[in-house]
There are 2 protein chains.
Amino acid sequence: MTGQLSYKNSKVITIGIVSELTGLTIRQIRYYEKRKLIFPERSEQGNRKYSFNDVEQLINIANKREEGVQTFEIRQDMLKEKRKKSGSQLRDEMLRGQINAQFGVNKDR
Amino acid sequence: MTGQLSYKNSKVITIGIVSELTGLTIRQIRYYEKRKLIFPERSEQGNRKYSFNDVEQLINIANKREEGVQTFEIRQDMLKEKRKKSGSQLRDEMLRGQINAQFGVNKDR
DNA sequence: CGTGTAAGGAATTCTGACACG
DNA sequence: CGTGTAAGGAATTCTGACACG
């Protein structure tokens, strides 16, 4: 029970709104990216774009941080989680990804 | 089969990204708001914030416009649609709205 | 009616760095 | 290590208006 996509994974939210949504400062959000805890996309000009999934991730990170967990450890746990996924689950998620790719930003036009 | 919310109705997308997502110009998106076809929220400073639902609405509007339908007529159809909803459906949607309000932008803090 | 554009201003975001610790 | 901040610049968004039609 990991997946459920559609809008959840579209990278369309700017960092200011993510800050409001998560209660984290922009500085913190950028830092967690540097520590490889979160992976926003970039607009043509270079502005970060986040998904709702990213927002949820950040909320989880914020909770861990409050407990005193260091970013390094949080990253370890994330990698561990990823490894836990079975092949079929991954395949399933990728399929959904394809389907929802229809909703990605139009590169052309 | 109208509803399905959660992320779909959170107003978190800025107009520039909506423009990319819909293929409409920013000018057009603002104009459709003036014609009451779309209802974005505003950030504290005044910037428009749209939901995925809004984006879908805009795509529908764009299609109608391509067929030569005027904004006035599009609006008529929208109001007609709204009236069609049965009370139970509306109640259902509002409930979901409550549940997902949890995900609205934090006004405080 | 629907959309383009130049105008002027305010807020957003970006990066690299100094700071504290 | 994690986060604040001032710095300078570039891109975003906003509104009201002139334009064409």
Side-chain angles (χ1 to χ4, degrees), chain A residues 11-51 54-55 57-79 105-107 109, chain B residues 11-51 54-55 57-79 105-107 109:
Chain A
K11 307 271 190 175
V12 297
I13 314 176
T14 51
I15 198 165
I17 291 178
V18 171
S19 174
E20 294 179 332
L21 253 26
T22 61
L24 294 167
T25 64
I26 290 178
R27 176 67 156 116
Q28 288 175 310
I29 298 168
R30 291 199 190 115
Y31 181 67
Y32 299 151
E33 176 184 358
K34 191 172 195 177
R35 301 321 308 274
K36 301 200 184 293
L37 299 182
I38 203 79
F39 306 92
E41 287 181 2
R42 295 285 183 140
S43 72
E44 240 176 278
Q45 181 259 131
N47 286 22
R48 274 165 266 249
K49 298 186 296 182
Y50 302 84
S51 66
D54 293 331
V55 171
Q57 260 297 307
L58 284 168
I59 291 174
N60 290 332
I61 292 168
N63 289 149
K64 295 266 187 81
R65 285 292 304 127
E66 277 182 48
E67 294 171 29
V69 185
Q70 291 189 298
T71 57
F72 175 78
E73 305 176 65
I74 297 175
R75 180 159 157 68
Q76 294 304 304
D77 294 345
M78 282 177 54
L79 294 175
V105 174
N106 298 308
K107 284 297 179 188
R109 203 241 146 231
Chain B
K11 307 273 191 175
V12 298
I13 314 177
T14 51
I15 198 164
I17 291 177
V18 172
S19 174
E20 291 180 335
L21 254 25
T22 61
L24 293 167
T25 64
I26 290 177
R27 177 65 156 116
Q28 290 175 309
I29 297 169
R30 292 200 189 115
Y31 181 66
Y32 298 150
E33 176 183 358
K34 192 172 194 177
R35 301 320 308 273
K36 301 200 182 294
L37 300 182
I38 204 79
F39 306 92
E41 287 181 2
R42 295 285 184 141
S43 71
E44 240 177 276
Q45 180 258 131
N47 285 21
R48 274 166 266 248
K49 297 186 296 181
Y50 302 83
S51 67
D54 294 332
V55 171
Q57 259 297 306
L58 284 168
I59 291 174
N60 291 332
I61 292 169
N63 289 149
K64 295 266 186 82
R65 285 291 304 127
E66 276 183 48
E67 296 171 27
V69 185
Q70 291 190 299
T71 58
F72 175 78
E73 306 176 65
I74 297 175
R75 180 159 158 68
Q76 295 303 305
D77 293 346
M78 282 178 53
L79 295 174
V105 175
N106 298 307
K107 285 295 181 189
R109 201 221 159 251

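In what follows, chains are A, B, ... by sequence order, proteins preceding strands, each numbered from 1.
Residue-to-nucleotide contacts include a donor-acceptor pair under 3.5 Å from the side chain of A:R27 to the base of D:dT5.
Taking atom CD of A:Q28 as the reference point, atom C1' of C:dT13 lies 17 Å away to the nearest angstrom. Between the C1' atom of D:dT15 and the CD atom of B:Q45 lies a distance of 11 Å, rounded to the nearest Å. The interatomic distance linking A:K34 (NZ) with D:dT3 (P) rounds to 13 Å, in whole Å. In this structure, A:E20 atom CD and C:dA11 atom C1' are separated by 13 Å, rounded to whole Å. Atom CD1 of A:I26 and atom P of D:dA6 are 15 Å apart (whole Å). To the nearest angstrom, C1' of C:dG2 lies 12 Å from CG of B:L37. In this structure, A:E33 atom CD and C:dG16 atom P are separated by 12 Å, rounded to whole Å. Computed from coordinates, the A:Y31 OH to C:dG16 C1' distance equals 16 Å when rounded to whole Å.
Between B:I17 and A:T14, the closest side-chain pair of non-hydrogen atoms falls below 4.5 Å. Looking at heavy atoms from C-beta onward, B:R48 lies out of side-chain contact with B:I29 at the 4.5 angstrom threshold. Within the 4.5 Å cutoff, side-chain heavy atoms of A:I38 are placed close to those of A:E33. Proximity of A:Q57 to A:M78: side-chain heavy atoms (C-beta onward) are separated by under 4.5 Å at one or more points. Contact annotation: the side chain of B:K49 never approaches that of B:R42 to less than 4.5 Å [non-hydrogen atoms, C-beta and beyond]. A:L24 is listed as a side-chain neighbour of A:Y32, based on a closest heavy-atom distance under 4.5 Å.
When both pairing distances are held under 3.5 Å, C:dA11 makes no Watson-Crick or G-U pair with any nucleotide shown. Across all strands shown, C:dA6 forms no Watson-Crick or G-U wobble pair with both key distances under 3.5 Å. Under the Watson-Crick or G-U wobble criterion, with both distances below 3.5 Å, C:dG16 is left unpaired in every strand shown.
Of all nucleotides listed (D:dG4, D:dT13, C:dC14), C:dC14 comes nearest to the side chain of A:N47.
Within the 4.0 angstrom heavy-atom criterion, base atoms lie near B:R30. Contacts of A:S43 with the nucleic acid, taken as non-hydrogen atoms under 4.0 Å apart, are absent.
Side chain of B:K11 to backbone of B:F39: a donor-acceptor contact under 3.5 angstrom is found.
A donor-acceptor pair shorter than 3.5 Å cannot be found between the side chains of A:Y31 and A:R27.
The phosphate of D:dT3 has OP1 or OP2 within less than 4.0 Å of a side-chain N or O from A:Y32. Listed pair A:R42 / C:dT15 meets the phosphate criterion, a side-chain N or O lying under 4.0 Å from OP1 or OP2. Considering only side-chain N and O atoms, B:R35 lies under 4.0 angstrom from the phosphate OP1 or OP2 of C:dG2. Remark: A:T14 is not in phosphate contact with C:dT12, judged by side-chain N or O atoms under 4.0 Å from OP1 or OP2.
For the segment residues 68-79 of chain B, residues with any heavy atom less than 4.0 angstrom from an atom of DNA chain C are, sorted by number, B:Q70, B:T71.
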